[in-house]
Amino acid sequence: MPDQITITLPDGTRQSFPRGVTGHEIAASISGGLARQALAVKVDDQVWDLHRPITKDARVQILTWNDPEGRQTFWHSSAHLMAEALEALYPGVKFGIGPAIEQGFYYDVDLGGRKIGPEDLAAIEAKMQELARQDNRYVRREVPKDEAVAYFREKGDEYKLELLEDLRDGEITFYTQGGFTDLCRGPHIPSTRPIKAVKLTNIAGAYWRGDERRPQLTRIYGITFPKQKELDEYLERLELARQRDHRKLGRELELFTFSNKVGPGLPMWLPKGAVLRETLMNFLKEEQLKRGYQPVVTPHIGRLELYRTSGHYPYYKDSQFPPMLLREEGDDGEEEGYLLKPMNCPHHTQIYADKLHSFRDLPVRLAEFGTVYRFEQSGELGGLTRVRGFTQDDAHIFCTPEQVKDEFKNVIDLTLTVLRALNFDDFKAQISLRDPSDADKYIGTPEQWDAAEQAIREAAAEMGLEAVEEKGEAAFYGPKLDFMVKDALGREWQLGTVQLDYNLPERFDLTYIGSDDKRHRPVMIHRAPFGSLERFVGVLIEHCGGNFPTWLAPVQVAVLPIGQDVEAYAGDVGARLRAAGLRVEVDTRNEKVGYKIRQAEVQKVPYMLIVGQREQEEGTVAVRRHGRGNEGAVPLEAFLRRIREEMAEEQAGRRAETSAP
RNA sequence: GCCAACGUAGCUCAGCUGGUAGAGCAGCUCACUCGUAAUGAGCAGGUCACCGGUUCAAGUCCGGUCGUUGGCUCCA
């Protein structure tokens, strides 16, 4: 064996190093700065400790704080540091698992009957910082299984013992830093020193191994940074997120509300929120008409038999409101009654089945803003993003297998139109494919699936839509294309969805007559560009921080007379704008104009028109754009042209005009 | 559904180790008639989420219920 190995760096350069070289040594050979910043090293596709010897040819990348995997390693090591602090403060504490997460880390611990609350976190943080300053190295050690078992048996940590049961001898490693040793696969950063800023963010209960029959452990969440400044920035971002929280803005802007008396998870739209919602719906209705959709309307309930046929009842009984029973179990052993609809598709199949369809009729596109009710688990409810009653911008397309690709293109075009009109520039498309190793799970033939998956792929490509493919993510009844949207704070939400369905046409025995004069099975496509109006508006509020594009703003123009002597003129301005189709409020309250401006600014009204004697004499309005301040007086007609033009451009997605928050 | 924290006026929040509630904003009234982010004064507003217990006495302590939030689990 040669004593030299070849290391390939990310830029493609190859260098020879002595066998057993460490990531740290490679970093040092590149630059002293890199060696100081290095947290871990990626060897081929695995992240390793910086001081672990590399013994064969490999691709090597030095990981720093700037690499996601570097931060993960940093946070994983921070979890160990927190565990060390907990052991110091609460002797006898037992440990579950303590991984890094997207933003920070947590550790599940058993405090043995002791309780800790948010007030204890500061002490733990202080202890962590004290320990971090000791600059203790994270030392990796391979441990025989019996020795590992003996260690945790002695320590009395049954959780680690259970974890050990699943591990094979020879694959077990311990990591020790300072006085704390943990069963851990690693990797870790070289020492505790880089952990400078510590914030423990939350305490929550979590079952051991996610199993509700197992003991409940205390999960402590935290995040750490190499610099205090970065922690400060992180906390600032969190504060910003709170400012944009749709629940807070929804109340402040009077968009929606909840009432205990109505019930949890059942949102009510206030007048301003309802305007917003209707404006969105009208926009989509127009776009759908352009694309060959036909509106339909169906009732809010359906017979249980309908949902037995569709397969939704009783299979999804747990997440449905209990049925309205007319008859308990009858002779056939089945109850009879009605169900509040959890989906619109069964109703739509019956509209399709209302008449005999020729292949010449297809595709049939049935669209409805259908309100559905699902009994989400109480712990899942939250704001508008998870509710029990919501309206889907639902449509079902019945088509031939050959038409699937064009229909997907049509829907992609529609969805992109919607996203552009709302300034969602940063979205992700995901094609969910079947898991080829589990063919039995799926309805339809492999040939059908291959064709459908290929059709979706091609549709996305031809529409210029970059989509990631996820194998095994498809539903049992068909592949799908989902749109995930990031809000302004980088959180990801699934909104729009397009799903192919082989199942329902089969279950409802839907047919069309082909050119061969025989009956054929149509394919069904479920699609919803918004997904649910409720969730979509919730995400939209957070995306724009309540500063809606002008075409959507509940109040588009506030007319603010300076004194009572110009109220008549203000009223006239308001009337003319309203006649032009704008949503206008005229503020004739007996207040100073500064106060009225503040009110309109706080309510995030896009345009304020201040009118006084001067404007009245000249037939002008003094325009003030939300967040920007006074822009001077213009004739009312000029303002009307401006705002109309702006809204048209916004809807076409040509302008990303958002006023300052 | 499970765990934890929380629940005081429409909103945001005070209320120490138990001694029957307080501010700001919003609302109403009055005065001021005002030129680009809060005019002043006054008034009114609470079964302290609900139910039960401990106590001479409960917003405060204990138990339960409901709700909210954060997690866990689930999501046609």
Side-chain angles (χ1 to χ4, degrees), chain A residues 96 101 106 108 115-119 121 201-221 242 245 247-248 251-252 254 257-266 307 310-320 341-346 372 374-383 386 388 392 475-478 480 494 497 499 501 503-504 526 558 560-567 588-605 608-616 622-633:
Chain A
I101 53 178
Y106 67 79
D108 285 345
K115 272 196 166 179
I116 61 166
E119 64 281 0
L121 294 181
T201 47
N202 202 3
I203 301 178
Y207 290 107
W208 172 232
R209 306 203 130 177
D211 184 340
E212 63 184 70
R213 292 161 306 194
R214 311 294 304 269
Q216 175 101 29
L217 303 180
T218 304
R219 176 170 296 181
I220 305 174
Y221 286 87
R242 273 191 282 275
D245 189 317
R247 292 167 295 202
K248 176 178 147 76
R251 191 184 301 117
E252 289 173 358
E254 299 180 6
T257 189
F258 290 88
S259 156
N260 290 350
K261 288 188 172 139
V262 171
L266 299 172
Y307 296 102
S310 72
H312 294 121
Y313 185 87
Y315 189 66
Y316 286 104
K317 202 173 179 180
D318 285 349
S319 46
Q320 292 161 358
K341 70 178 174 188
M343 302 203 83
N344 300 301
C345 31
V372 298
R374 299 182 185 175
F375 197 75
E376 301 289 354
Q377 296 186 30
S378 59
E380 265 309 319
L381 300 174
R386 207 60 190 270
R388 285 180 171 164
Q392 295 178 313
F476 73 90
Y477 51 79
K480 60 177 179 168
Q494 193 208 298
T497 181
Q499 309 189 4
D501 189 343
N503 183 39
L504 283 186
H526 311 250
L560 311 179
I562 282 169
Q564 285 174 337
D565 51 334
V566 289
E567 270 179 19
T588 52
R589 288 177 302 176
N590 181 13
E591 295 289 351
K592 290 167 74 170
V593 72
Y595 179 80
K596 295 179 183 179
I597 288 169
R598 179 179 162 75
Q599 293 285 301
E601 290 281 0
V602 167
Q603 285 292 306
K604 302 176 189 293
V605 177
M608 285 147 275
L609 301 182
I610 289 101
V611 294
Q613 281 298 340
R614 280 205 300 275
E615 287 74 18
Q616 178 173 345
V623 177
R624 188 188 163 99
R625 185 74 168 90
H626 169 57
R628 288 211 207 126
N630 188 8
E631 297 186 350

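Residue numbering restarts at 1 for every chain, and letters A, B, ... go by the order of the sequence lines.
At least one donor-acceptor pair under 3.5 Å links the side chain of A:Lys596 to the backbone N or O of A:Arg589. One N or O on the side chain of A:Glu615 and one on the backbone of A:Gly612 form a donor-acceptor pair closer than 3.5 Å. At distances below 3.5 Å, not a single donor-acceptor pair connects side-chain atoms of A:Arg388 with backbone N or O atoms of A:Phe375.
The CG-P distance, from A:Leu560 to B:rU36, rounds to 13 Å in whole Å. Atoms CD1 (A:Ile101) and C1' (B:rG71) sit 10 Å apart, rounded to a whole Å. Atom CZ in A:Phe258 sits roughly 16 Å away from atom C1' in B:rC66 (whole-Å rounding). Atom CZ in A:Arg598 sits roughly 10 Å away from atom C1' in B:rC25 (whole-Å rounding). Rounded to an integer number of Å, the gap from A:Gln377 CD to B:rG67 P is 14 Å. Here B:rA5 presents its C1' atom at 14 Å from CD1 of A:Ile220, a figure rounded to the nearest Å. In this structure, A:Phe375 atom CZ and B:rA76 atom P are separated by 18 Å, rounded to whole Å. Taking atom OH of residue A:Tyr316 and atom P of nucleotide B:rC74, one finds them 13 Å apart after rounding to whole Å.
Looking at heavy-atom distances under 4.0 Å, A:Phe476 makes no contact with the nucleic acid at all. Among the heavy atoms of the strands lying under 4.0 Å from A:Gln320 is at least one base atom, whether or not backbone atoms are also near. A:Leu217 comes within 4.0 angstrom of no nucleic acid atom, judged by non-hydrogen atoms across all strands. Counting any heavy atom pair closer than 4.0 Å across all strands shown, A:Asn630 reaches a base atom. Contacts of A:Gly263 with the nucleic acid, taken as non-hydrogen atoms under 4.0 Å apart, are absent. Within 4.0 Å (heavy atoms only), A:Arg624 reaches at least one base atom of the nucleic acid.
For the C1' atom pair drawn from B:rC3 and B:rU17, the interatomic distance equals 30 Å after rounding to whole Å.
Here A:Arg624 pairs with A:Glu601 under the side chain to side chain donor-acceptor pair (under 3.5 Å) rule; sequence neighbours left out. Qualifying side chain to side chain donor-acceptor pair (under 3.5 Å) partners for A:Tyr595, counting only residues two or more places apart in sequence or in other chains: none.
Side chains of A:Asp108 and A:Thr218 form no contact here, defined as non-hydrogen atoms less than 4.5 Å apart. Taking the side chain as every heavy atom from C-beta outward, A:Arg251 and A:Thr257 never approach each other to under 4.5 Å. Between A:Pro561 and A:Val611, some side-chain heavy-atom pair lies under the 4.5 Å cut-off. Side-chain contact between A:Met343 and A:Tyr307 is absent, with no heavy-atom pair separated by less than 4.5 Å.
Each of A:Gln599 and A:Gly383 was assigned the nucleotide of RNA chain B with the nearest heavy atom; the assignment lying further toward the 5' end belongs to A:Gln599.
Atom CD in A:Glu567 sits 8.5 Å away from atom CG in A:Asn590 (nearest 0.5 Å). Distance check: A:Gln499 CD to A:Cys345 SG gives 9.0 Å after rounding to the nearest 0.5 Å.
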List, with names and distances, any nitrogen or oxygen atoms from the protein found under 3.5 Å away from nitrogen or oxygen atoms belonging to nucleotides 30-35 of chain B.
from: B:rC32; atom 1: N4; to: A:Asn590; atom 2: OD1; distance (Å): 3.3
from: B:rC32; atom 1: N4; to: A:Asn590; atom 2: ND2; distance (Å): 2.0
from: B:rU33; atom 1: N3; to: A:Gln564; atom 2: OE1; distance (Å): 3.3
from: B:rU33; atom 1: O4; to: A:Asn590; atom 2: ND2; distance (Å): 3.3
from: B:rC34; atom 1: N4; to: A:Asn590; atom 2: OD1; distance (Å): 2.7
from: B:rG35; atom 1: O6; to: A:Gln613; atom 2: N; distance (Å): 3.1
from: B:rG35; atom 1: O6; to: A:Arg614; atom 2: N; distance (Å): 3.2
from: B:rG35; atom 1: N1; to: A:Glu615; atom 2: OE1; distance (Å): 2.9
from: B:rG35; atom 1: N2; to: A:Glu615; atom 2: OE1; distance (Å): 3.2
from: B:rG35; atom 1: N2; to: A:Glu615; atom 2: OE2; distance (Å): 2.5

Taking only nitrogen or oxygen atoms into account, show me every contact under 3.5 Å that the protein makes with nucleotides 8-14 of chain B, one pair per line with its distance.
from: B:rU12; atom 1: OP1; to: A:Arg251; atom 2: NH1; distance (Å): 2.9

*Along nucleotides 46-51 of chain B, 5' to 3', which nucleotides get a B, which get an S, and which get a -, given that the test is a protein heavy-atom distance under 4.0 Å?*
------
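The base of B:rA4 does not come close enough to the side chain of A:Thr218 for any donor and acceptor atom to sit less than 3.5 Å apart. Counting atom types as modelled, A:Arg386 pairs a side-chain N or O with a base atom of B:rC75 as donor and acceptor under 3.5 Å.
Considering only the side chain of A:Ser378, B:rG1 comes nearest among B:rA26, B:rA76, B:rG1. The listed nucleotides are B:rG67, B:rU69, B:rA76; the one nearest the side chain of A:Pro264 is B:rG67.
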_Intra- and inter-strand pairs of RNA chain B in dot-bracket (Watson-Crick or G-U wobble, both distances under 3.5 Å; | for another strand)_ = (((((((..((((.....[..)))).(((((.......))))).....(((((..]....))))))))))))....
